[in-house]
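Since the structure comes first, as structure tokens, the remarks are kept for the end.
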Amino acid sequence: MPELPEVETVRRGLQPVLEGRRIVKLEQRRPDLRFPFPENFPERLAGRRIETVNRRSKYLVVGIEGGETLIMHLGMSGRFTIALAGGPATMPGLFTHDTGLNGAQPNTTSGSVGKNRWPNTTLHVNTSLRSVEQGSVGQQQNQHQQKHDHVVFHTEEGATVTYNDPRRFGFMVMTATADLQNHPLIGGLGPEPLGNALHAGHLAARAAGRTVDLKAFLMDQRNIAGLGNIYVCEALFRAGLSPQRAASSLARKSGNPTERAERLVTAIRSVLTQAIAAGGSSLRDYRQADGALGYFQHSFSVYGREGEPCATPACRGTVRRIVQAGRSSFLCPACQR
DNA sequence: CGCATCCCCTGCCTGC
DNA sequence: TGCAGGCAGGGGATGC
């Protein structure tokens, strides 16, 4: 499900449960997701402490005691559910939401966008898993086991972190921590959009002479890491740039960035920052009844809004959906040029 | 190298 | 109510 803001929100949810904690057991319930699980995956994690829970682009990067790193990707439909041991949340301010002992997902309609209805929480937190704690492995636990629960981490403190992924486009792989920066999945990534390495000059240098359109350019993780279909659409809308514009128009003949590139960087930063803030703020509100972790879906300006009036003040345009490289783009043809 | 196309998989919504 | 078709937040593999 995730683009960068969702992965960052998940990371922030997982960190206090996993970082510094020892994994006492790992359940792996199928041989693979998108890729095979690591060799001897359960044995390699059991008994070891998790040292760090970081993120790079859309990857969760988990440092494991003993010099290995677990790289996880949520694909299109991956989610984590946290279940704390024993009753109410012991970490006020983070854990928000009880999925219910039957595992029923919160049934909210507020998280739907247009025709698309995704699960509007990437990270569920269940604070009352008494029967899982007490139950013998097997029967009791199966009461809570959801379809497509593929991996369960058990911590020494009695918490469980369950990975669920219906489409199985996600994956978990391990690498030597020393080799992490050279890992094929990590090494070629462009700069983090919220870091100092992203600036107009970088985009201009990457885009100069490129014939691909801006949409494809921004989706290419080698140019900039962490954007996906939604936030590319949203950032281009904020910048007033058409997704069909040539990427090369971010650079002048001199190679310097155009004013468009400056606008684009500002737009990317603002949309991601606000999306992360939205996820984070609802994570903190543990009284929120429906358990929705907010995210930014409520605030999309163009994504999923085909046929609706453009949100730009005084713009009379209508949001259109087009297909680029087999995927939907949403734009206002009137104010995105 | 750049670029386009296809594919992995399941679930949900739409229209007939 | 059933069923077929389209679509979905990602990204790797392949072919030109």
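The figures that follow rest on heavy atoms only: side chains count, while hydrogens, waters and symmetry mates do not. Naming convention: chains lettered A, B, ... in sequence-line order (proteins, then strands); numbering from 1 in each chain.
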His148(A) side chain near dG11(B) phosphate (N/O to OP1/OP2, under 4.0 Å): yes
Return no unless some side-chain N or O of Ser77(A) is found under 4.0 Å from OP1 or OP2 of dA8(C). no
Would you please say whether a donor-acceptor pair under 3.5 Å links the side chains of [X] and [Y]?
| X | Y | result |
| --- | --- | --- |
| Thr273(A) | Arg269(A) | no |
| Glu262(A) | His199(A) | no |
| Thr177(A) | Thr69(A) | yes |
| Ser329(A) | Arg321(A) | no |
| Ser77(A) | Asp165(A) | yes |
| Lys215(A) | Asn229(A) | yes |

Of the listed nucleotides (dG10(C), dG11(B), dG11(C)), which one gets closest to any side-chain atom of Lys147(A)? dG11(B)
Report the nucleotide, chosen from dG11(C), dG11(B), dC7(C), that has the shortest atom-to-atom distance to any side-chain atom of Pro166(A). dG11(B)
Tell me, what's DNA chain C's dot-bracket, Watson-Crick or G-U with both distances under 3.5 Å, | for other-strand, [ ] crossing? .|||||||.|||||||
Length of the line joining [X]:[atom1] and [N]:[atom2], which is rounded to integer Å:
| X | N | atom1 | atom2 | answer |
| --- | --- | --- | --- | --- |
| Asn164(A) | dT10(B) | CG | C1' | 11 Å |
| Arg79(A) | dG11(B) | CZ | C1' | 12 Å |
| Phe171(A) | dG10(C) | CZ | C1' | 9 Å |
| Arg167(A) | dG10(C) | CZ | P | 10 Å |
| Arg327(A) | dG10(C) | CZ | P | 5 Å |
| Ile230(A) | dA8(C) | CD1 | C1' | 10 Å |
| Ile186(A) | dG12(C) | CD1 | C1' | 15 Å |
| Leu74(A) | dG10(C) | CG | P | 11 Å |

Can you give me the N/O atom pairs linking the protein to nucleotides 13-15 of chain C at distances under 3.5 Å, or say none if there are none?
none

Which word best sums up how the rings of [X] and [Y] line up, parallel for under 30°, tilted for 30 to 60°, or perpendicular for over 60°?
| X | Y | result |
| --- | --- | --- |
| Tyr231(A) | Phe300(A) | perpendicular |
| Tyr59(A) | His73(A) | perpendicular |
| Phe37(A) | Phe41(A) | parallel |
| Phe330(A) | Tyr303(A) | perpendicular |

When you compare dC7(C) with dT5(B), how far apart are their P atoms, in angstrom units rounded to a whole number? 16 Å
Interatomic distance at C1', dC12(B) relative to dG11(C), whole Å: 23 Å
Are Glu6(A) and Lys58(A) close enough for a salt bridge, meaning some N to O gap below 4.0 Å? no
For the base of dG11(C) and the side-chain ring of Phe169(A), does the geometry meet a stacking cutoff of under 5.5 Å between centres and under 30° between planes? no
Applying a 4.0 Å non-hydrogen cut-off, can you work out what Leu185(A) is touching in the nucleic acid: base, sugar-phosphate, or nothing? sugar-phosphate
For Phe217(A), which contact category applies under a 4.0 Å heavy-atom criterion: base, sugar-phosphate, or nothing? nothing
Give me the distances for all protein-to-nucleotides 3-5 of chain B N/O pairs that come in under 3.5 Å?
from	atom 1	to	atom 2	distance (Å)
dC3(B)	OP1	Thr211(A)	N	2.9
dC3(B)	OP1	Thr211(A)	OG1	2.7
dC3(B)	OP1	Val212(A)	N	3.4
dC3(B)	OP2	Arg210(A)	NE	2.5
dC3(B)	OP2	Arg210(A)	NH2	2.6

What about Arg168(A), does its side chain sit under 3.5 Å from the base of dC9(B) through a donor-acceptor pair? no
Heavy atoms of Glu19(A) and Val53(A) approach each other most closely as OE1-N, 2.8 Å
Quick one: do His150(A) and Glu27(A) satisfy side chain to side chain donor-acceptor pair (under 3.5 Å)? Show the steps, please. CA-CA 8 Å; His150(A) 304 309; Glu27(A) 297 176 60; over 6 Å; no
